[in-house]
Amino acid sequence: MVRDLREPQHRRSRARQRSRVLSMVSIPVVVLVLLDPWLARSYGFVLSVVATGAIVLATPPAVRWLAQVVPRALAYALVVPAVAQLACAPVLILLEPVLTPYAVLANVLVAPAVVPATIGGVLAAVVSPWSLPVARALAWIAALAAEWMAKVATVLADAPGAQIAWVPGTGGAALLAGATVVVIVAVRWCVAPVPEASGT
């Protein structure tokens, strides 16, 4: 009974949190577009906005759902790249009309190397004027991480079925977006969540 009474409060709280997060994401986007309207025509900018919005808004509920059957850390590792890829896929179709089935797997595999590659490279450049040995060590770490990412990309790009032809143009993008929504709804309805223990 207590849980039943608290559930609407939890839902309202989550809705308010999503609203605040959406505002935090939307305001910088609007400001940037006002300062430079041509950004709206940039695929890189659009992909960044779409991926960020999808991760911020869709990750929490998806993780809550998936964490019922797998550890929470694994749920995050799987959900974040999957959500970003699903959201960006229709935009990517406009660039090249192909599906990339291994994209989520590639993102999961390279995720641990992103921070060492990025931070290591930046720190190597920063400390190089004062200490070349330290800079070389940092650059070596960054190079190893970058090499791993390149290896993953090469192997998966050469794997069978790495690219599947799709309908080009806006029609293909709309078709993929619709198909994605249908699949998500179908999975959500077919895979019942694990029931939680009721309070008293």
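Atoms considered below: every heavy atom in the structure, side chains included; atoms not considered: hydrogens, waters and symmetry mates.
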**Study point:** Check against side-chain contact (heavy atoms from CB on, under 4.5 Å), Leu66 and Arg72
**Key:** CA-CA 8 Å; Leu66 187 59; Arg72 195 170 187 83; over 6 Å; no
Exercise for review: Determine, step by step, whether Leu39 and Asp36 satisfy the side-chain contact (heavy atoms from CB on, under 4.5 Å) criterion, reporting the C-alpha distance in whole Å, the side-chain angles of both residues, the deciding distance to 0.1 Å, and the verdict.
Suggested key: CA-CA 6 Å; Leu39 282 175; Asp36 185 3; 3.8 Å; yes
Review point. So Val79 and Trp65, side-chain contact (heavy atoms from CB on, under 4.5 Å) or not? Walk me through it.
Key: CA-CA 10 Å; Val79 164; Trp65 178 71; over 6 Å; no
Check your understanding: Please walk me through it: do Val46 and Arg41 pass side-chain contact (heavy atoms from CB on, under 4.5 Å)?
Key -> CA-CA 8 Å; Val46 172; Arg41 297 175 58 88; over 6 Å; no
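Residue Val33 is not grouped with residue Val31 when hydrophobic side chains (ILVMFWY) are merged at heavy-atom distances under 4.5 angstrom, including chains of intermediate members. Two different hydrophobic clusters hold Leu132 and Val127 under the rule that ILVMFWY side chains link at heavy-atom gaps under 4.5 Å. Taking hydrophobic clusters as Ile, Leu, Val, Met, Phe, Trp and Tyr residues chained together by side-chain heavy-atom distances below 4.5 Å, Leu74 shares a cluster with Val69. Under the 4.5 Å side-chain heavy-atom criterion for ILVMFWY residues, a single connected hydrophobic cluster contains both Ile164 and Leu176. Hydrophobic clustering (side-chain heavy atoms under 4.5 Å, transitive across Ile, Leu, Val, Met, Phe, Trp, Tyr) groups Ile119 together with Val134.
Using a 4.5 Å heavy-atom threshold, the side chains of Val167 and Pro97 count as separate. Residues Tyr43 and Leu92 fail the side-chain proximity criterion, which asks for heavy atoms closer than 4.5 Å.
Note: Lys151 NZ to Leu156 CG = 11.0 Å, rounded to the nearest 0.5 Å. The distance from atom CG of Leu175 to atom OG1 of Thr180, rounded to the nearest 0.5 Å, is 9.0 Å. Considering CD1 of Ile55 and SG of Cys88, their distance stands at 8.0 Å, rounded to 0.5 Å. Put simply, CD on Gln163 and CG on Leu99 are 9.5 Å apart, with the number rounded to the nearest 0.5 Å.
Smallest separation of non-hydrogen atoms from Ala139 and Ala124: N-CB, 3.8 Å. Taking both residues in full, the closest heavy atoms of Ala173 and Pro90 are given as CB-O, 3.3 Å, listed atom of the first, atom of the second, then distance. Closest of all the heavy-atom pairs between Val50 and Ala87 is CG1-O, 3.3 Å. Of all heavy-atom pairs between Ser128 and Ala125, the closest is OG-O, 2.9 Å.
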For residues 102-117, which side-chain donor-acceptor pairs fall under 3.5 Å, sequence neighbours excluded?
| residue | atom | partner | partner atom | Å |
| --- | --- | --- | --- | --- |
| Tyr102 | OH | Pro160 | O | 2.4 |
| Asn107 | ND2 | Ala103 | O | 3.3 |

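Around atom CH2 of Trp148, no more than 12 heavy atoms belonging to other residues, nucleotides or ligands sit under 6.0 Å away.
Under a 3.5 Å cut-off, the side chain of Trp166 and the backbone N or O of Ile93 do not form any donor-acceptor pair. A donor-acceptor contact shorter than 3.5 Å links the side chain of Thr52 to the backbone of Ser48.
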